Number of protein chains: 2
Amino acid sequence: MGARRGEDVEVVTAPGRLPGNDEPAVRERARAIPEAAVARLAVYLRVLSGLAEQDVTTISSEELSAAAGVNSAKLRKDLSYIGSYGTRGVGYEVEVLVDQIERILGLTRKHSVCVVGIGNLGHALANYAGFPGRGFPVSALFDVDDDLIGVPVGGILVSHVDDIPRVCAEREVSIGVIATPPPAAQGVCDRLVSAGVQCILNFAPVVLQVPDHVEVRKVDLAVEMQILSFHVARRADEAANADESGMVVPG
Amino acid sequence: MGARRGEDVEVVTAPGRLPGNDEPAVRERARAIPEAAVARLAVYLRVLSGLAEQDVTTISSEELSAAAGVNSAKLRKDLSYIGSYGTRGVGYEVEVLVDQIERILGLTRKHSVCVVGIGNLGHALANYAGFPGRGFPVSALFDVDDDLIGVPVGGILVSHVDDIPRVCAEREVSIGVIATPPPAAQGVCDRLVSAGVQCILNFAPVVLQVPDHVEVRKVDLAVEMQILSFHVARRADEAANADESGMVVPG
DNA sequence: CCGACTTTGTGCACACGTTCACAAGCGCTA
DNA sequence: TAGCGCTTGTGAACGTGTGCACAAAGTCGG
């Protein structure tokens, strides 16, 4: 176990009978998993699911880490956050890992998703979102365009954004996906928040302001492109640099 | 942020007096900017562009950081990576910052982009990609479906994936966007790489294997959803925990 | 039953990124 | 020109995440 702050170290033998402290530490553990590790666990899960379908029953950290594109030590540390489910000298049982990762990621429950903004991207998401992580049924779609209201997209009828509070409550939406034009995003976000949605995936290129208890993740195409652009530029500069400094091309 | 390959280690602190190291440090600096800072610079740039359009000429780190949703010290440090363009006691000139960030991000050149896989998502990207970061013209589209070849999407004719090498070379594509089904992604990736594309934005939920000199960023919807799911689960557990431990609801 | 071999789980050290806190620097006013 | 108040730029402390290397713990063959 990694040394945390002085506080939650005594989890070992659970000394003092403090109220609410006798929990199996599984829940405490969940809080301690680094976000980066969570992201990787999701990747491992996908790889493992693929292996399970190919009837692979056991895999070593070395093999799995190669398939997931990470260092094997990191993989083992990531897995250690969720418990000790490997067998030394052997490896991990694929099925066990799948189950445990799904448990930690909360994939044993279904998470109802809504998509707001049924443009090009929203369309794609409505058709796409339910399928890859099989625990995310899209259960509501919203737009402002009157021509779209009531139209079925991917099997779901589009509702008006004004109905977000009612529809989200009815269908117990827990994750909201924003795919609106930038100016509309904050307004939509506010409505989702007041509808009780606690997690938001934002595709609109704006910085959303939300209360502390709401989790926002953003997917920003422009930013991704610009990061790549930065690398292109860096490479070009390096090449120019190497050139100037009289580097000889081998061969 | 999110998971990247464990590779990007060679970004380390510029070591000692190696030959060709005496450059004006602008280029050296570029190498030293942390990836996380680059991502934020792109966000600042967008905010700043918005401000410029509203004829704001000057802004303090405090204001800008609030608009970008970060801490002001972090913002100043991020900006310090690209140089000292602020005036103490006053703030930053919006236009200067815009220019400098664009320079660092390599946005002064146009980066030709191709999209592979013209399904729902590819469609959305073809229409979307050029516009938000104004320096990214989509100049080629590819698919395997014969019915799509030659069809114009967002003003560009779709070519066959087999023509990737030729078309990418002709149109000087520097960034490849993969929006194919998972099984096709690695093959497409290989073709892009052999066509000389050095940066890839991958929307397919697979771990791509590429040579070291190729930069890959991935956007993985399923992973994002699962991270949110994790947070939903964590919250639920916390609530349950608080409940069990006999917490009294105030009021 | 033992010893050799394999692979996990993790303590430790290091690197990276974030935050704090303050000196340095600039403009404004008198 | 000197003094004051404001904001930048950054050294240094801190916390988090990564990677190494090895002990612990299991399997397997003899």
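Side chains are part of it too, since the values below use all heavy atoms of this structure and drop only hydrogens, waters and symmetry mates. Everything quoted here is computed from the prediction, not taken from an experiment.
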Under the salt bridge (charged side-chain N to carboxylate O under 4.0 Å, His left out) rule, what pairs show up with a residue in residues 174-189 of chain A, not counting sequence neighbours?
-> none

What distance separates B:Ile101 CD1 from B:Leu107 CG, expressed to the nearest 0.5 Å?
-> 9.5 Å

Protein-nucleotide distance (A:Ile82, atom CD1; C:dT10, atom C1'), rounded to Å | 16 Å

Whether B:Gln198 side chain and A:Val232 backbone form a donor-acceptor pair below 3.5 Å = no

Kindly write out the residues that satisfy side-chain hydrogen bond (donor to acceptor under 3.5 Å, both in side chains) with A:Glu35, not counting sequence neighbours, or none if the list is empty.
-> A:Arg217, B:His231

Is B:Ser229 reaching over with its side chain to a backbone N or O of A:Gly106, donor-acceptor style, under 3.5 angstrom?
-> yes

Any ring-ring contact (aromatic ring centres under 6.0 Å, His included) involving residues 39-67 of chain A? Give me the pairs, sequence neighbours left out, ordered by first then second residue.
-> none

Name all pairs fulfilling the salt bridge (charged side-chain N to carboxylate O under 4.0 Å, His left out) condition that reach into residues 75-90 of chain B, sequence neighbours left out, sorted by first residue then second.
-> B:Arg40-B:Asp78

Specify the residue among A:Leu79 and B:Ala37 whose closest nucleotide of DNA chain C lies further upstream toward the 5′ end.
-> A:Leu79

Would you say B:Asn202's side chain and B:Val206's backbone share a donor-acceptor pair under 3.5 angstrom?
-> yes

When you measure from every atom of DNA chain C, which of residues 58-74 of chain B have a heavy atom less than 4.0 Å away?
-> B:Asn71, B:Ala73, B:Lys74

note: A:Leu75, atom CG; D:dC20, atom P; distance rounded to Å ~ 14 Å

Minimum side-chain heavy-atom gap B:Lys74-B:Ser65 below 4.5 Å | no

Tell me: CZ of B:Arg76 to P of D:dT8, nearest whole Å?
-> 6 Å

Listed partners of B:Arg235 passing salt bridge (charged side-chain N to carboxylate O under 4.0 Å, His left out), at least two apart | A:Glu215

Every protein N/O within reach of nucleotides 12-15 of chain D N/O, cut-off under 3.5 Å:
| unit_1 | atom_1 | unit_2 | atom_2 | d |
| --- | --- | --- | --- | --- |
| D:dA12 | N6 | B:Lys77 | NZ | 3.1 |

Salt bridge (charged side-chain N to carboxylate O under 4.0 Å, His left out) pairs, two or more places apart, involving residues 178-193 of chain B | B:Asp162-B:Arg191

Would you mind reading off the distance between A:Asp78 atom CG and D:dG19 atom P, rounded to a whole angstrom?
-> 10 Å

Reading nucleotides 24-30 of chain C 5' to 3', which nucleotides get B (base under 4.0 Å from a protein heavy atom), which S (sugar-phosphate only), which -?
-> BBBS---

Write down the distance between CD1 (B:Ile33) and C1' (C:dT18), rounded to a whole number of angstrom.
-> 17 Å

Within residues 51-71 of chain A or reaching into it, pairs that qualify as salt bridge (charged side-chain N to carboxylate O under 4.0 Å, His left out) - sequence neighbours excluded | none

Would you kindly give the CD-to-C1' distance between B:Glu35 and D:dT16, to the nearest whole Å?
-> 18 Å

What residues in residues 92-101 of chain A put a non-hydrogen atom under 4.0 Å from any atom of DNA chain C?
-> A:Tyr92

Which pairs of donor and acceptor atoms, one on a side chain in residues 90-100 of chain B, lie under 3.5 Å apart (sequence neighbours left out)?
| unit_1 | atom_1 | unit_2 | atom_2 | d |
| --- | --- | --- | --- | --- |
| B:Gln100 | OE1 | B:Tyr85 | OH | 3.1 |
| B:Gln100 | OE1 | B:Arg103 | NE | 2.8 |
| B:Gln100 | OE1 | B:Arg103 | NH2 | 2.7 |

